[in-house]
Colleague: 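Below you'll find the structure I mean.
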Amino acid sequence: MTDHDESRTATYDVHATEEKWQQVWEKLDPFRADDHSPREKFYALTMFPYPSGDLHMGHAEVTALHDVIARYKRLQGYEVLNPIGWDSFGLPAENAAIRNDEHPATFTYANIETQAESFKRYGVSFDWSRRLHTSDPEYYRWTQWLFLKFRERGLAYRKNSPVNWCPNDQTVLANEQVVDGMCERCGAEVTKRELTQWYFKITDYAQELLDDLDVLAPTWPDRVVTAQRNWIGRSEGAYVDFTLHLADGTDRDLTVYTTRPDTLYGATFMVIAADAALAAEVVSPEQREAYEAYLAATRKASDIDRLSTERPKTGVDLGITATNPVNGERVPVWAADYVLADYGTGAIMAVPAHDQRDLDFARAFGLPVRRVVDTGEDNPEETGIATTGDGVYVNSSSGDFSLDGLSDKATGIHRIVERLEAEGHGKGAVNYRLRDWLLSRQRYWGCPIPIVHCERCGEVPVPEDQLPVELPELRGADLKPKGVSPLAAATEWVNVECPQCGGPAQRDSDTMDTFVDSSWYFLRYCSPADETQAFDSDLVNAWMPCDIYVGGVEHAVLHLLYARFFTKVLADMGLVDFREPFAAQLNQGTVINEGAKMSKSKGNGVNLGEQLSDFGVDAVRLTLVFAGPPEDDIDWADMSPAGSLRFLQRGWRLSGDVTSEPGVDPATGDVALRKVTHKTVHDAAQLVESHRFNVMVARTMELVNATRKAIDSGCGPDDPAVREAVETVAILLSLVAPYTAEEMWERLGHQPTVALAGWPQVDEALLVEDSVTAVVQVQGKLRARLEVSPGISEADLEAAALADEAVQRALKGKQVRKVIVRAPKLVNVVAG
RNA sequence: GCCGGGUUGGUGGAACGGUAGACACUGCGGCCUCAAAAGCCGUUGCUCGCAAGAGCGUGUGGGUUCGACUCCCACACCCGGCACCA
């Protein structure tokens with residue numbers, strides 16, 4: 001074998017290389033962010049993991065993508081903050097502790113260590129000095145402090161209300177954690193319970209949370225913006241006051257919310273939510289028995305039944321009437337479960353002609369249907385299909401007021417609201433689907449709520465200097481869910497003196513939703529060791545908002561909405577000077593296998609550790625980044641980590657072929673290869689900025705191929721352009737394959753680390769092509785290609801095109817009518 | 001039903017309104033080898049053709065344009081969000 005042959009088949013030992021560089025990085029500590037650096041700051045945040053076990057393919061993907069951005073920005077000269085921590089409170093640890101008769105911390109911190117080691121092996125450019133865990137008292141002390149601050153502002157309050165209850169996890173859930181009537185975490189069917197619980201008043205911020213989505217829309221994924229808009233669910237309409245006439249002869253107001261006040265003349269009955277307190281208060285004595293039977297039946301029905309849209313309408317006549325404020329008409333009042341107690345006012349005016357639900361109800365109970373908007377469609381009373389579009393108003397007048405003849409919905413709404421407001425019978429209004437955030441949980445492994453309940457003083461906040469309220473030591477069977485928090489049974493912990501009066505009192509025994517912990521961790525990263533405050537406002541304002549937040553789309557409405565809410569509250573408190581925490585966002589897709597989500601039951605799981613052992617870290621990372629657009633799902637069965645490793649070895653091999661010395665002036669090198677190199681660097685920057693990492697990798701592959709050709713059959717290995725090209729490959733590869741890149745960089749005679757080598761300078765002069773391929777079309781069809789100078793004139797290009805043999809052939813017998821020339825790229829000849 | 005996003009070779013995917021299929025994977029042929037593996041080189045959208053070449057081709061149907069994967073309209077299907085929210 002000749003030396004040359006050897007260089008074409010040589011490979012490096014993947015695992016030895018990994019171990020070697022891990023030690024070097026440990027020593028050099030090149031990714032520590034300097035708060036006081038004069039460089040421009042860049043905050044690259046990735047959603048911190050929950051320590052459920054070792055890292056899996058999902059972690060590998062999000063981290064690989066995230067690290068491309070962090071490493072790119074560092075090369076570009078930014079001071080990059082790329083922190084890591086763990087969202088370490090939560091149910092899985094608690095359930096494991098019950099199973100294994102141990103403390104949740106055992107499971108939690110063991111897994112954190114495992115994951116931390118795996119991240120280090122994975123070569124992620126994290127700043128390990130800022131590591132945090134939300135279950136550390138040093139952290140949750142400040143979660144408690146924030147809770148108290150929110151409470152001082154009236155943004156954390158307690159109320160009694162029917163809440164979502166997971167019978168399996170034995171805890172309440174926020175609306176956001178109930179998916180299709182099931183517990184988001186365990187899949188059990190969620191039931192309702194009447195409980196007194198803590199809430200964050202996120203609804204105070206509904207409008208701002210909605211409005212600022214417009215600001216985020218250009219840099220946030222569409223699906224996240226859409227999901228949040230839908231979740232907030234703003235609707236515009238009006239409150240309208242009807243008068244109820246009770247059986248005992250008294251009257252009272254009944255206010256309803258409607259988005260179609262313009263159809264007020266079509267209201268033929270009213271419906272009150274069966275489970276609203278009002279319904280029980282106003283029902284007539286004759287109908288009370290029937291109502292109570294109906295209510296009992298309603299309560300028994302689960303959310304699953306309720307959610308079914310196919311279900312026929314049910315209800316009961318309350319035996320009373322109400323007066324329509326615009327025409328004095330008396331209509332019957334019913335109770336039904338299709339009206340929700342906690343939206344609007346819990347009561348509606350039913351306009352069966354123009355609302356499908358009301359029409360279904362009217363038909364089920366023989367109630368009248370009156371059309372007040374003629375849309376040209378058939379009468380809803382006959383078809384059973386409500387008409388909801390624009391049309392001409394009819395039967396809509398009383399006294400000196402009339403909508404009749406009008407054909408514009410917006411004007412109709414405006415006119416009737418004006419009228420209602422003038423007469424004091426209603427007003428324009430906005431409603432949101434968003435509800436307050438229920439934050440209490442009846443579980444142990446979470447942040448204790450720093451409140452003491454005193455018989456005399458009521459709710460008393462734990463004084464700040466007594467924070468944190470630490471969790472008592474409970475383990476194993478003590479943690480078994482029993483419907484109230486396990487903390488309630490820890491009598492020594494629960495029973496305390498009231499901080500205010502010194503009398504006997506009890507700690508609040510619930511813990512906080514873990515989404516509270518994760519609503520501010522990105523702030524803590526800016527000053528993670530600060531023992532005097534939750535975060536240093538100056539440092540937070542210097543680093544934030546996060547320039548990029550990479551993570552899973554499953555948090556589109558949960559974590560991302562809560563974190564936005566927290567940030568707005570903190571801005572109102574004057575603690576931060578921005579109102580949105582994440583300037584831009586990237587949601588990675590899911591790694592699946594053989595067309596399906598990986599799962600134990602399907603047996604299609606792909607083990608990350610095995611992939612890393614078989615192909616090496618770099619090949620796995622490269623495969624994930626090269627697979628396609630970052631937000632697309634990746635089917636691992638379609639991928640070729642072996643192919644990725646092959647490419648990396650090919651790239652590495654180049655570094656052994658370079659024979660010129662480090663520091664040689666590339667200006668004297670082969671111009672053709674230099675052009676490829678500089679164009680690649682130029683394009684790669686734009687591709688990374690626009691998150692087209694897969695294309696960036698493809699371009700790097702092209703550069704490798706071009707360099708290989710130059711070495712073997714072009715300018716040869718000692719040409720300075722070859723060194724320039726290979727050094728460029730090493731730097732570009734460092735975004736995705738840090739081990740291979742370091743190895744190349746060292747073989748090229750440079751000191752570590754390539755991560756700080758800087759982004760290559762682009763020579764603009766080398767971006768100019770000296771010949772371009774001009775395309776000649778006849779009738780829009782490609783007929784010829786011409787190599788021409790980039791500066792060719794339109795006339796010259798046209799002449800050359802028409803002179804071409806293939807073009808003449810295609811034109812045969814036809815007359816040239818028109819020639820479009822776009823020098824130097826294209827000519828289109830139109831004939832006929 | 002309402003709101004977003006999508007549909008390109010055998011596969012993953014590229015393509016400022018201007019060469020469709022870059023870059024890979026797979027397949028096929030070859031080199032190396034006693035042989036195999038690995039590696040390397042060539043080839044690979046479909047149809048016809050020995051070839052030169054020709055025709056077809058980006059979910060469907062229209063439109064705008066000299067020219068459309070790209071823009072506009074309608075439709076089908078897939079994915080995500082919301083949904084008895086008045």
Side-chain angles (χ1 to χ4, degrees), chain A residues 1 5 8-11 180 221-235 237 256-260 263 271 273 306-311 313 336-340 342-351 354-358 360-361 388 431-435 553-554 556-557 587 589 622-623 626-629 631-644 646-647 649-650 653 692 694-702 704-705 708 712 773-785 806 809-810 817-822 825-831:
Chain A
M1 244 190 207
D5 285 341
R8 302 189 71 172
T9 55
T11 56
D180 295 332
D222 289 331
R223 51 182 166 171
V224 174
V225 172
T226 305
Q228 293 214 359
R229 281 206 184 106
N230 288 338
W231 189 259
I232 295 167
R234 179 190 156 105
S235 87
V256 300
Y257 175 72
T258 177
T259 55
R260 291 295 303 273
T263 61
V271 185
R306 243 191 111 125
L307 284 168
S308 166
T309 43
E310 301 294 297
R311 204 165 62 108
K313 291 281 179 290
D337 65 359
Y338 84 91
V339 174
L340 306 175
D342 62 349
Y343 182 79
T345 62
I348 62 156
M349 64 176 205
V351 184
H354 307 300
D355 182 284
Q356 191 60 46
R357 297 154 300 186
D358 295 345
D360 293 343
F361 192 84
T388 55
N431 251 287
Y432 302 91
R433 212 193 65 94
L434 182 71
R435 308 294 147 86
V553 74
E554 66 273 18
V557 284
N587 294 135
L622 179 74
T623 302
F626 182 55
E631 40 300 89
D632 286 8
D633 286 351
I634 297 173
D635 191 334
W636 195 251
D638 294 332
M639 296 299 123
S640 174
S644 297
R646 220 154 39 224
F647 162 70
Q649 297 282 15
R650 266 202 314 273
R653 225 168 275 139
R692 280 138 73 210
N694 58 323
V695 185
M696 183 273 292
V697 170
R699 301 299 308 279
T700 307
M701 289 172 167
E702 288 182 70
V704 167
N705 294 342
R708 180 83 264 159
D712 292 348
T773 307
V775 174
V776 186
Q777 300 174 336
V778 177
Q779 318 283 60
K781 279 188 182 177
L782 175 70
R783 293 299 169 182
R785 289 162 223 260
R809 204 175 335 124
R817 265 208 321 221
K818 192 170 168 187
V819 182
I820 287 97
V821 184
R822 292 283 175 276
K825 296 288 284 181
L826 179 127
V827 178
N828 189 12
V829 183
V830 185

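What you see is a predicted model; the values in this text were computed from it and never measured. Values below: every heavy atom of this structure, side chains too, minus hydrogens, waters and symmetry copies. Convention: sequence-line order gives letters A, B, ...; per-chain numbering from 1.
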Colleague: Check step by step if side chain to side chain donor-acceptor pair (under 3.5 Å) holds for Y338(A) and D358(A).
Modeller: CA-CA 9 Å; Y338(A) 84 91; D358(A) 295 345; 2.7 Å; yes
Colleague: Between rG12(B), rG13(B), rA24(B), spot the one nearest the side chain of R650(A), thanks.
Modeller: rA24(B)
Colleague: To the nearest Å, give me how far apart CG (D712(A)) and P (rC31(B)) are.
Modeller: 20 Å
Colleague: Let me have a per-nucleotide readout for nucleotides 58-67 of chain B, 5' to 3', with B, S or -, counting only protein heavy atoms under 4.0 Å.
Modeller: --------BS
Colleague: Below 4.0 angstrom from OP1 or OP2 of rG5(B), is there any side-chain N or O of T226(A)?
Modeller: no
Colleague: Can you check the distance between rG17(B) and rU58(B), where both ends of the measurement are the C1' atom (answer in whole Å)?
Modeller: 15 Å
Colleague: R223(A) or M639(A): which one's nearest nucleotide on RNA chain B is closer to the 5' end?
Modeller: R223(A)
Colleague: Between D360(A) and Q228(A), which residue's closest nucleotide on RNA chain B lies nearer the 5′ terminus?
Modeller: Q228(A)
Colleague: Within the structure shown, what part of the strands sits under 4.0 Å from A698(A) by heavy-atom distance: base, sugar-phosphate, or nothing?
Modeller: base
Colleague: Nearest to the side chain of D355(A), heavy atoms from C-beta on, is which of rG12(B), rA86(B), rA24(B)?
Modeller: rA86(B)
Colleague: Does OP1 or OP2 of rA54(B) have a side-chain N or O of K781(A) closer than 4.0 Å?
Modeller: no
Colleague: In terms of relative ring orientation, are Y343(A) and Y257(A) parallel, tilted or perpendicular, with 30° and 60° separating the classes?
Modeller: perpendicular
Colleague: Measure from the side chain of D337(A), starting at C-beta and using heavy atoms only, and say which of rA15(B), rA86(B), rC84(B) lies closest.
Modeller: rC84(B)
Colleague: Measuring from the side chain of Y338(A) (C-beta onward, heavy atoms only), which nucleotide among rC23(B), rA14(B), rC84(B) has the closest atom?
Modeller: rC84(B)
Colleague: Can you tell me if the side-chain N/O atoms of R433(A) get under 4.0 Å from OP1 or OP2 in rA86(B)?
Modeller: no
Colleague: For Y432(A), answer base if it contacts any base atom (sugar-phosphate contacts may also be present), sugar-phosphate if it contacts only those atoms, and nothing otherwise; contact means non-hydrogen atoms under 4.0 Å.
Modeller: nothing
Colleague: In whole Å, measure the gap between the C1' atoms of rA68(B) and rC16(B) for me.
Modeller: 14 Å
Colleague: Looking across every strand, which nucleic acid part, if any, lies under 4.0 Å from N694(A) by heavy atom: base, sugar-phosphate, or nothing?
Modeller: sugar-phosphate
Colleague: Roughly how many Å apart are rU11(B) and rG59(B), using the P atom of each and rounding to a whole number?
Modeller: 14 Å
Colleague: How is P629(A) classified with respect to the nucleic acid when contacts are heavy atoms under 4.0 Å: base, sugar-phosphate, or nothing?
Modeller: sugar-phosphate
Colleague: Looking at the angle O4'-C1'-N9-C4 for a purine or O4'-C1'-N1-C2 for a pyrimidine, is rG55(B) syn or anti, with syn meaning within 90° of 0?
Modeller: anti
Colleague: Contact class for R692(A) (heavy atom, under 4.0 Å): base, sugar-phosphate, or nothing?
Modeller: sugar-phosphate
Colleague: Any donor-acceptor pair under 3.5 Å between the side chain of N230(A) and the base of rG81(B)?
Modeller: yes
Colleague: Considering only the C1' atoms, how many Å lie between rG53(B) and rU60(B), rounded to the nearest integer?
Modeller: 32 Å
Colleague: Among rA54(B), rG12(B), rA20(B), which is the nearest nucleotide to the side chain of R809(A)?
Modeller: rA54(B)
Colleague: Just to confirm, is there a sub-4.0 Å distance from OP1 or OP2 of rU26(B) to any side-chain nitrogen or oxygen of R646(A)?
Modeller: yes
Colleague: So do the side chains of Y432(A) and S235(A) get within less than 4.5 Å of each other, counting heavy atoms only?
Modeller: no
Colleague: Out of rA86(B), rG81(B), rA54(B), which has the shortest distance to the side chain of R783(A)?
Modeller: rA54(B)
Colleague: As a test of reading the structure: which of rA86(B), rU11(B), rC23(B) is closest to the side chain of N705(A), going by heavy atoms?
Modeller: rC23(B)
Colleague: Whole Å only: how far is the CD atom of Q356(A) from the C1' atom of rA83(B)?
Modeller: 14 Å
Colleague: If a stem is a run of at least 3 consecutive Watson-Crick or G-U pairs, both distances under 3.5 Å, which stems include RNA chain B?
Modeller: B:1-7 with B:76-82, B:10-12 with B:23-25, B:27-31 with B:39-43, B:45-48 with B:53-56, B:59-63 with B:71-75
